[in-house]
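Structure first, commentary second.
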Amino acid sequence: MALPVVLTIAGSDPSGGAGIQTFTALNCYGTSVITALTAQNTTGVRGVHASPPEFVKDQLESVFEDIDVLAMKTGMLYDEATIRIVASTLRDRYREKILQLVCDPVCVSTSGHVLLVQSALGSLVDEILPLATLITPNKPEAELILSHKRKDVKIRSLADMVSASKELLTFGSKAVLLKGGHVTTTMTEVHDLLGRNPVISVYKYGLLEENMNVLRVGLGEENRISRLVVDVLQDSSEPEGDVRTSIFIRPRIKSSSTHGTGCTLSAAIACGLASGLTISEAVRDGTVYTYLGILHAFPVGAGHGPLNHNHSLVSRFVPRPCPGDRYPMTRALISSTASVWKEYVEHTFVKELGKGKLDEKCFVHFIKQDYHYLKYYARALALLAAKSTSFTAIAAAMQSVQNVLQEISINHKAFCARWGVSEKELEETPESTATTAYGAYIMDIGLQGDATKLNMALAACLIGYGEVGLWLVEESKRPDPWVVMDEKLNPYVPWIREYSGEMYQTAVEIGLGIGSVTPITEGGFSELLEIWRKCVLLEKGFWDMAIALS
């Protein structure tokens with residue numbers, strides 16, 4: 001199958017940090033026209049040697065005469081002569097063809113070296129921007145471009161970004177992506193913006209959403225998500241002619257591996273356009289690709305190292321774990337089942353328990369059935385040991401069985417006795433239909449012999465109860481809380497403390513890493529997701545059973 005051809009018109013980077021590596025990683029065929037040679041590494045730019053403008057034209061003509069380029073990007077154009085010859089060549093070649101051009105208006109390097117001579121700014125604004133499908137300035141570049149039209153604009157907030165990006169759209173490009181890497185934003189600011197502009201489209205990636213308290217466990221303060229990067233897209237390419245505003249939100253990463261970020265992003269967007277995506281779709285995929293490139297970068301050099309452009313080459317539908325995203329598989333599962341997960345975590349049974357108003361008969365019925373379910377749980381873990389192929393895995397599974405047995409002998413029976421339920425009564429109470437259905441399902445998964453699937457079937461219970469415990473505790477800390485954490489007023493406080501406590505959360509943290517080691521394809525994820533979804537529904541059914549005393 002032929003690959004889409006993409007062209008970069010930019011300077012070279014001998015340290016390998018530029019975005020041309022992106023083309024191959026995103027399954028496109030990359031061509032290049034070099035406008036300048038640079039002497040640079042991760043610590044900075046030492047010098048620039050511009051290509052003669054006529055030679056830049058020769059390079060462009062050589063590519064265009066022989067190869068069908070579907071999309072291109074410009075980066076470092078350096079001087080006025082080069083800009084004019086690039087613009088005139090593109091206009092001549094694309095009189096009757098659609099030009100898909102992403103312009104990254106590179107002006108100054110991270111280390112402060114000038115990559116666009118001052119006299120060339122006017123040519124960039126007047127010659128290249130009107131040809132562009134999309135321009136991708138960062139904050140300093142946007143302010144510089146706007147200043148050329150005698151507009152003294154300072155971009156300090158998300159609201160400033162929205163207004164500045166609209167102003168930039170008047171310079172002639174079909175769309176503007178104002179990058180937010182130089183502007184720190186919070187979710188409060190995002191909500192304020194959306195409150196004033198509800199028609200703005202929102203694309204999120206990498207955020208911990210509702211009912212994901214368990215994923216915060218084990219994250220250091222530097223990796224807790226509070227500061228955001230938000231990119232703002234103004235797109236006038238819609239058929240109706242209206243300008244559509246979109247924002248792309250992701251966590252701010254504390255990283256020194258940011259060399260070539262803008263170049264990588266524009267290259268990724270060009271690949272998306274070449275592959276037939278709309279502007280907003282290409283920006284969405286490009287921002288995610290670049291974010292993951294930073295997140296999964298490895299150290300190169302002594303300064304600002306490059307992104308990991310190759311992170312997408314391994315067939316992983318779910319990213320590998322890293323310090324800022326330790327449990328990507330669990331986050332993907334919860335995100336993909338957000339509505340049913342919410343029904344499970346925020347079930348009426350849980351809410352009434354948190355208020356201390358749950359009917360005692362319902363709770364007693366629940367702990368009796370939970371006793372029977374834990375038998376299935378322990379037997380499934382024993383199956384996991386039987387299916388394991390290493391002593392380490394066998395030991396881990398058997399330790400989990402021991403943990404369940406200890407939970408039953410020390411905690412559960414004592415807990416039941418506190419509610420007047422004897423061990424004899426526990427054994428003689430018949431299983432409910434919901435208990436049998438859930439237990440039979442996890443045993444069936446266990447008998448299939450796939451350890452990953454069995455771990456997935458057991459995870460909804462382990463992680464879900466941990467999330468319920470943390471959610472109730474978090475709700476109890478809000479102003480005018482509805483959750484009562486006074487044992488004199490709420491007899492279910494010990495239950496809440498058990499599942500929000502350190503011992504249980506330590507067990508949860510082990511379970512959170514499920515499926516994160518082995519690369520998961522899209523088909524493999526779909527299969528595991530179906531097991532997870534089924535077990536979340538069965539867990540909800542367990543709460544339903546308790547409420548209905550069925």
Side-chain angles (χ1 to χ4, degrees), residues 187-188 190-191 194 198 202-217 219 224-226 249-251 318 325 327-358 362-363 366 370 373 434 437-438 441-442 456-485 492 495-496 498-500 504-505 508-509 511-512 514-515 525-526 528-548:
M187 193 54 75
T188 300
V190 171
H191 289 153
L194 297 178
V202 180
Y203 299 87
K204 300 177 183 177
Y205 188 84
L207 303 181
L208 297 186
E209 302 286 355
E210 193 175 35
N211 303 129
M212 291 187 179
N213 291 292
V214 287
L215 296 180
R216 293 181 174 87
V217 174
L219 283 180
R224 291 184 182 271
I225 298 170
S226 56
I249 308 172
R250 57 197 178 277
V318 177
D325 187 7
Y327 311 113
M329 182 65 166
T330 304
R331 178 168 57 80
L333 291 168
I334 295 175
S335 296
S336 300
T337 57
S339 59
V340 292
W341 179 255
K342 183 180 179 70
E343 291 173 5
Y344 163 33
V345 173
E346 300 186 17
H347 195 280
T348 301
F349 179 93
V350 175
K351 289 180 177 178
E352 291 299 298
L353 184 145
K355 296 174 185 175
K357 296 180 179 180
L358 180 66
C362 295
F363 188 74
F366 161 72
D370 196 34
Y373 170 75
Y438 195 178
Y441 181 74
I442 63 173
M456 187 61 62
L458 299 173
C461 174
L462 174 67
I463 296 171
Y465 275 51
E467 178 62 33
V468 165
L470 292 179
W471 178 63
L472 289 173
V473 169
E474 286 294 317
E475 291 296 310
S476 74
K477 295 176 181 177
R478 295 183 182 276
D480 301 318
W482 56 270
V483 175
V484 178
M485 290 299 289
Y492 306 115
W495 189 93
I496 298 173
E498 178 178 349
Y499 290 105
S500 63
Y504 190 81
Q505 290 299 325
V508 170
E509 191 169 358
L512 289 171
I514 182 174
F525 178 76
S526 297
L528 295 175
L529 177 62
E530 184 54 36
I531 295 172
W532 169 269
R533 185 189 304 276
K534 176 71 173 176
C535 288
V536 169
L537 288 170
L538 287 166
E539 283 288 349
K540 177 183 174 297
F542 211 78
W543 298 137
D544 292 339
M545 169 270 296
I547 289 287

**Q.** By ring-ring contact (aromatic ring centres under 6.0 Å, His included) - contacts of Trp341 (at least two apart)
**A.** Tyr344, Trp532
**Q.** side chain to side chain contact (heavy atoms under 4.5 Å, CB included) between Glu539 and Val536, worked out
**A.** CA-CA 5 Å; Glu539 283 288 349; Val536 169; 5.6 Å; no
Q: Look at the aromatic rings of Tyr465 and Trp495 and report parallel, tilted or perpendicular, splitting at 30° and 60°.
A: tilted
Q: Begin with the C-alpha distance, continue with both residues' side-chain angles, and end with the deciding distance and a verdict on side chain to side chain contact (heavy atoms under 4.5 Å, CB included) for Gln505 and Val508.
A: CA-CA 5 Å; Gln505 290 299 325; Val508 170; 4.1 Å; yes
Q: Quick one: list whatever passes ring-ring contact (aromatic ring centres under 6.0 Å, His included) with Tyr504, sequence neighbours left out.
A: Tyr499
Q: Can you sort out the partners of Glu209 under side-chain hydrogen bond (donor to acceptor under 3.5 Å, both in side chains), two or more places apart, ordered by chain and number?
A: none
Q. Is the charged tip of Arg331 near the ring of Tyr205: under 6.0 Å from the six-membered ring centre and within 45° of its axis?
A. yes
(Q) Walk me through whether Val473 and Asn213 qualify under side chain to side chain contact (heavy atoms under 4.5 Å, CB included). (A) CA-CA 10 Å; Val473 169; Asn213 291 292; over 6 Å; no
(Q) If the condition is side-chain hydrogen bond (donor to acceptor under 3.5 Å, both in side chains), which residues does Lys342 pass it with, not counting sequence neighbours? (A) Glu210, Glu346
Q: Could I get the full list of ring-ring contact (aromatic ring centres under 6.0 Å, His included) partners for Tyr203, not counting sequence neighbours?
A: Phe248
Q | Between CD1 on residue Ile531 and CG on residue Leu458, distance to nearest 0.5 Å | A | 10.5 Å
Q: Check side-chain contact (heavy atoms from CB on, under 4.5 Å) between Val190 and all other residues, then give those that pass, not counting sequence neighbours.
A: Leu158, Thr185, Met187, Leu194, Leu228, Val230, Ile247, Ile249
**Q.** Where Ala457 and Cys535 come nearest, the two heavy atoms and their spacing
**A.** O-SG, 3.3 Å
Q: For the pair Trp482 and Ser476, evaluate side chain to side chain contact (heavy atoms under 4.5 Å, CB included) and give the outcome as yes or no after the intermediate values.
A: CA-CA 7 Å; Trp482 56 270; Ser476 74; over 6 Å; no
